[in-house]
Amino acid sequence: MTKYMPAKFESKWIKNWDKKKIYKTESVKDKKKKKYILVMFPYPSGSGLHVGHVRIYTGTDVIARYFRMKGYSVLHPIGWDAFGLPAENAAIKAKKNPQDLVPRNQENFKRQMKMIGLSYDWDRELSTADPNYYAITQWLFIQFFKLGLLYKTQTPVYFCPFCKTGLAEEEVLPDGTHERCGKPITRKLLPQWIFKITDYGDSLLKTLNTLDWPKGILEMQKNWIGRKEGIEITYDVVQDNEKVDTITCFTTRPDTNFGATFIVIAPEHKFVTKILQGKIKVDKKTKEKVDEYVKKSLAKTDLDRIAEGKEKTGVFTGFYAVNNLNGRKMPVWISDFVLSEFGTGAVVGVPGHDVRDFQFAKKFGIEIIRVVKDKDGNAGPIKDEKDVQEDEGIMINSEFLNGLNIHKATKVMMDYLEKKGWGERKVSYHLRDWIFSRQRYWGEPIPMVYCEHCAKKGISWYSLHKNDVLKKEYQSNTKLYQNITERWGKNSKDMAGWFPIEEKSLPLKLPYVDNYKPSATGQSPLAHITEWTQTKCPVCGRKAVRETDTMPNWAGSCWYFLAFTFWNKEGVVKKKGEQVSRLWANKVKNSVKKWMPVDWYVGGAEHAVLHLLYSRFWVHALNDMNLVNFREPFMKLSNVGMVLAGDHKKMSKSLGNVINPDDVVKEFGADALRIYEMFMAPFDQEIAWSNKALQGAYRFLKKIWQIYHSIDNLTNNAKDEDKDLLAKLQTTIAKVEQDITNVKFNTAIAKMMEFVNEWTNKKLSEQNAKKFLKVLSPFAPFITEEIWQSVFEEKESIHLSTWPKVVIKTTNLRIKIPIQVDGKVRDIITINKEMSEKAVIEIAMNSQKIQKYLKNKKFKYIYIKNKIINFVLLKK
RNA sequence: GCCGGGGUGGCGGAAUGGUAGACGCGCAGGAUUUAGGAUCCUGUGGGGUAACCCGUGGAGGUUCAAGUCCUCUCCCCGGCACCA
């Protein structure tokens with residue numbers, strides 16, 4: 001008998017499948033019979049495929065293969081998330097231009113993906129750094145710009161001094177470090193492109209419950225959006241009984257407003273700016289103190305703020321705000337515990353019912369009033385942090401609210417404040433607008449130019465197009481029309497002189513340059529290439545300059561799932577000057593309609609509020625623009641757990657604990673690697689690498705090899721076939737099928753192992769042996785193909801065959817059932833599935849073991865058909 | 001602090017309220033081998049010679065029957081967090 005030597009045949013099949021294009025996407029005939037199975041595409045950065053990649057790609061591959069065999073048209077593509085920091089940092093480290101390095105990495109990834117037998121349709125391979133691809137990314141940028149969702153403004157941003165680039169909120173880790181490089185982050189004031197994702201907060205929240213996603217991810221998105229209903233209350237600010245200004249505070253607890261004793265505003269608040277600019281007069285000493293405090297807090301990094309903990313700091317402005325409810329004059333303080341980005345950047349302090357307010361009041365000797373009594377009716381003074389009462393209770397000391405519970409009181413107060421014109425109901429979000437500029441080389445150039453001449457004249461794209469686009473396309477959708485108009489109004493001043501480049505000049509190519517390293521100035525390396533930056537104004541034809549910031553890493557991945565539906569080997573926008581809008585209208589819309597949404601998306605949970613939120617946002621906006629006909633891109637989502645090293649640490653070069661898939665395949669073959677990673681644990685759980693367990697997977701495959709090459713296990717004569725084994729085959733097929741669709745690959749493989757164990761000393765007909773081979777094939781595509789074509793001499797690939805049907809014969813099946821006495825198993829008997837209850841009980845009662853317990857006792861019994869018998873002894 | 005997910009042999013993990021520990025690893029004994037590795041067979045939750053008893057983080061409860069359902073509680077992991 002030949003030995004199982006995967007190296008002998010695996011590479012043969014790779015070539016064969018490639019040549020015959022057996023994984024080519026079938027076109028969709030019936031939308032109900034299509035499956036778009038997508039796995040998050042990789043950054044082709046460092047040293048090739050990680051065993052963690054192997055796990056996620058194999059799992060998704062199993063699903064795709066299964067649906068193909070079930071007769072679905074399956075779209076299962078892959079590409080490269082080539083732009084962005086990971087690739088660029090790797091290139092800098094290797095002292096290579098990313099334009100040269102990245103394609104090389106891609107080739108290596110591709111070789112390894114084929115090596116482990118992934119069934120991608122390589123004709124649809126795409127790269128986000130391909131000009132044919134980013135021509136469309138840039139075009140989409142322009143569409144979002146036109147919708148008013150993208151605008152440029154001076155903003156304080158998170159800035160990574162190491163990567164020398166601005167970052168989005170989501171890229172900053174809780175400890176104040178950069179998600180990509182782990183270095184501490186500071187803030188910097190930079191002109192930035194801002195994506196107004198907050199306008200889609202409600203929209204993104206609304207359809208969340210239509211998604212079949214892991215609960216945790218849905219919760220994370222919900223919390224990240226963080227919708228809060230509250231009210232903005234505007235207070236008059238007075239000095240010596242004279243009104244000098246107003247301050248508006250956002251609160252979700254207006255019910256406690258009779259207990260408000262002070263106002264705190266963020267150091268960035270405009271009232272503070274007015275003081276510092278002298279627009280509001282204060283004495284010299286106060287101004288100095290305010291100035292000092294503000295400077296100090298703005299200089300703090302996030303790390304400093306965290307290190308400082310909950311210790312409150314602040315400075316008194318000398319002003320008072322008047323609470324209209326009771327005429328109380330509340331001192332106005334400045335403190336950096338108030339966030340300028342949330343609500344209005346101003347907080348009304350209710351120290352009796354908010355721990356932070358309490359800490360502040362306590363530290364600066366401000367009065368503390370109780371306006372809610374707790375569950376136990378406690379209405380005593382609040383002296384300690386423990387006494388602060390934030391939860392349920394009944395209102396006291398609050399005039400017309402007294403006696404109401406806090407929820408009712410909140411509503412009554414809101415109505416009252418609105419009626420009086422002192423407040424207005426508002427919704428606030430935790431979600432912040434998305435900073436879309438990166439001061440880096442390796443990204444899509446932003447397709448915008450700035451014309452100083454037009455800027456001076458106050459001409460903006462919005463002012464030029466006010467009457468055409470907006471009116472025609474969006475007027476029917478009132479809410480959207482209103483939003484767009486509002487955004488245009490807000491943006492037009494900042495955006496004077498900014499125009500998108502003409503569509504026919506897309507793609508705006510990223511120039512190949514020698515100096516691609518980030519500069520310390522906070523400017524992109526592109527800013528130094530004058531021949532690239534200088535251009536003509538598309539409006540007045542005078543000299544203009546290009547935007548030199550690039551788009552963030554996330555841009556390309558926000559629509560790649562749409563691209564796969566129509567992409568082909570040659571790229572798509574290959575003819576110079578081909579209009580993307582025409583391409584979209586003719587080709588894209590149509591293919592997207594056929595394939596989208598993605599039926600099943602697989603990826604790591606780390607993208608919960610990054611890629612998964614950004615992509616949803618793009619699709620929502622594209623849907624509003626009528627560029628796609630659906631609102632949610634990913635109907636079902638599965639997560640994958642990480643693959644750790646054997647020591648339960650993350651694999652890293654510096655720790656020397658990295659497992660290279662190339663080595664594993666060389667020694668054990670791709671199938672063993674696949675089976676091992678699918679078998680180790682449930683798919684969404686993390687696993688630690690174990691060479692021993694890998695051996696187990698290898699042994700399993702070896703056993704299969706032997707069985708299929710042994711005349712003791714196979715027969716041409718159906719009569720010689722073992723009937724119990726045949727029955728087991730049927731349950732195995734059913735179980736594997738069910739487990740694949742439930743992402744329980746581990747138990748699917750366990751079941752197949754069980755079947756093979758039983759098979760070792762029994763015979764199966766060739767016809768049924770082929771069925772088992774098919775069931776195994778999504779997991780182990782190489783060995784199954786080899787046996788299929790060499791042992792059974794089949795001419796067409798097993799991967800083009802159809803999934804076996806389950807035929808369960810129920811008659812005359814012998815099964816074992818336990819017999820309990822008082823809930824404890826005392827014996828196990830064998831019965832026929834069709835036996836009557838009476839017959840079964842008779843067998844049970846004839847058991848000596850059972851008789852021992854029932855002798856001279858009164859009892860009743862409970863019989864669950866084909867499951868269990870329980871004899872219950874009755875007390876006298 | 002808030003929101004999610006979990007606690008089952010020596011280990012990874014199985015169990016529509018119905019035989020707890022499938023399957024794999026490891027371990028033990030045996031076969032084969034000059035030896036080791038590899039391979040194959042048998043056994044393997046704990047206690048007990050045995051009959052049996054005890055066992056799914058802990059304490060209660062519901063049920064003929066609870067890892068699974070309910071109440072309380074402890075611990076671990078992930079996310080968010082000075083968000084008013």
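The sequence lines fix the lettering, A, B, ..., with proteins before strands; numbering per chain opens at 1.
A straight line from CD1 of I217(A) to P of G78(B) spans 15 Å, rounded to a whole angstrom. Separating the CD atom of Q685(A) from the C1' atom of G13(B) is a distance of 8 Å, rounded to the nearest angstrom. For the pair L613(A) CG and G79(B) P, the computed distance is 17 Å after rounding to whole Å. Between D336(A) atom CG and C82(B) atom C1' there is a gap of 9 Å when expressed in whole angstrom units. Atom CD1 in I225(A) sits roughly 15 Å away from atom C1' in G79(B) (whole-Å rounding). Going from atom CZ of F342(A) over to atom P of C82(B) covers 11 Å, rounded to whole Å. In this structure, the CG atom of N866(A) is 14 Å from the P atom of U19(B), given to the nearest Å. Look at CG on D712(A): it is 15 Å from C1' on C40(B), rounded to the nearest Å.
Comparing G13(B) with U8(B), their P atoms are spaced 9 Å from each other, to the whole Å. Separation of the C1' atoms belonging to G9(B) and G26(B) is 12 Å when rounded to the nearest angstrom. Nucleotides U63(B) and A81(B) have their P atoms positioned 46 Å apart, rounded to a whole Å. Nucleotides G12(B) and C2(B) place their P atoms 30 Å apart, quoted to the nearest Å. Taking the P atom of each, C76(B) and C23(B) are spaced 34 Å apart, rounded to whole Å. Between G61(B) and U16(B), the two C1' atoms lie 24 Å apart (nearest whole Å). Atom P of A38(B) sits at a distance of 35 Å from the matching atom of U49(B), rounded to the whole Å. Nucleotides U73(B) and G43(B), compared at atom C1', are 40 Å apart to the nearest Å.
By the 30° and 60° cut-offs, the orientation of the rings of F364(A) relative to W333(A) is tilted. Ring-plane geometry between W705(A) and Y4(A) is classed as tilted, the angle between the planes lying from 30 to 60 degrees on a 0 to 90 degree scale. Classification of the F271(A)-H269(A) ring pair by plane angle, with boundaries at 30° and 60°, yields perpendicular.
Residues Y429(A) and W224(A) place their aromatic rings such that the two centres sit no closer than 6.0 Å.
At the heavy-atom level, Y853(A) lies under 4.0 Å from the strands shown only through sugar-phosphate atoms. G226(A) comes within 4.0 angstrom of nothing in the nucleic acid, heavy atoms only. Among the heavy atoms of the strands, none lies under 4.0 Å from P214(A). Among the protein residues, K222(A) comes within range of no part of the nucleic acid, since none of its heavy atoms lies under 4.0 Å from any strand. Residue contacts for R826(A): at a heavy-atom cut-off of 4.0 Å it reaches the sugar-phosphate backbone alone, with no base atom in range.
The side chain of W224(A) has A81(B) as its nearest neighbour among C52(B), U19(B), A81(B). Candidate nucleotides G13(B), C52(B), A84(B) were compared by shortest atom distance to the side chain of A681(A), and G13(B) ranks first.
Classification of K824(A) and D822(A) as a salt-bridged pair fails, no side-chain N sitting under 4.0 Å from a carboxylate O. Under the 4.0 Å criterion applied to side-chain N and carboxylate O atoms, R425(A) and E229(A) are not assigned as salt-bridge partners. Note on E758(A) versus K762(A): salt bridge recorded, some NZ/NE/NH1/NH2 to OD/OE distance being below 4.0 Å. Look at R328(A) and E367(A) and you find a salt bridge, because one of the NZ, NE, NH1 or NH2 atoms lies within 4.0 Å of a carboxylate O, short of that distance. A salt bridge does not link K744(A) with D739(A): none of the charged nitrogens is closer than 4.0 Å to a carboxylate oxygen.
Phosphate contact (OP1/OP2 of A81(B), side-chain N/O of H430(A), threshold under 4.0 Å): present. Note on K816(A): every side-chain N or O is 4.0 Å or more away from OP1 and OP2 of U19(B). Within the 4.0 Å cut-off from OP1 or OP2 of A15(B), at least one side-chain nitrogen or oxygen of K744(A) is found. Between K852(A) and C52(B), a side-chain N or O to OP1/OP2 separation shorter than 4.0 Å is present.
Annotated as syn: G9(B), whose O4'-C1'-N torsion sits within 90° of 0.
For the side-chain contact (heavy atoms from CB on, under 4.5 Å) with M413(A), the qualifying choice from I231(A), T256(A), L325(A) is L325(A), the only one to do so.
G29(B): Watson-Crick or G-U partner is C41(B), with both key distances under 3.5 Å. When Watson-Crick and G-U wobble pairs are counted only if both distances are under 3.5 Å, A81(B) pairs with no nucleotide at all. For C64(B), the paired base is G18(B) (Watson-Crick or G-U wobble, both distances below 3.5 Å). Taking a pair to require two hydrogen-bonding distances under 3.5 Å in either a Watson-Crick or a G-U wobble arrangement, G48(B) remains unpaired. Nucleotide C11(B) is matched to G24(B) when pairs are restricted to Watson-Crick or G-U wobble geometry with both distances under 3.5 angstrom.
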Produce the list of close N/O pairs, under 3.5 Å, pairing protein atoms with atoms of nucleotides 22-26 of chain B; give distances to one decimal.
residue	atom	partner	partner atom	Å
A22(B)	O2'	E754(A)	OE2	2.8
G24(B)	OP1	N757(A)	ND2	3.2
C25(B)	OP1	R699(A)	NH1	2.4

Where do N or O atoms of nucleotides 63-65 of chain B meet protein N or O atoms at under 3.5 Å, pair by pair?
residue	atom	partner	partner atom	Å
C64(B)	O2'	N870(A)	ND2	3.1
C64(B)	O2	N870(A)	ND2	2.8

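In terms of position on RNA chain B, the residue among P682(A) and Q359(A) whose nearest nucleotide sits closer to the 5' end is P682(A). Residues G343(A) and H648(A) both approach RNA chain B. Their nearest nucleotides, taken by heavy-atom distance, put H648(A) toward the 5′ side.
Atom CZ of R616(A) is separated from atom CG of L208(A) by 4.5 Å, given to the nearest 0.5 angstrom.
When atom types are taken as modelled, the side chain of D387(A) and the backbone of I382(A) share no donor-acceptor pair closer than 3.5 angstrom.
Within 6.0 Å of atom CD in Q695(A), more than 12 heavy atoms from other residues, nucleotides or ligands are found, so the atom counts as buried in its surroundings.
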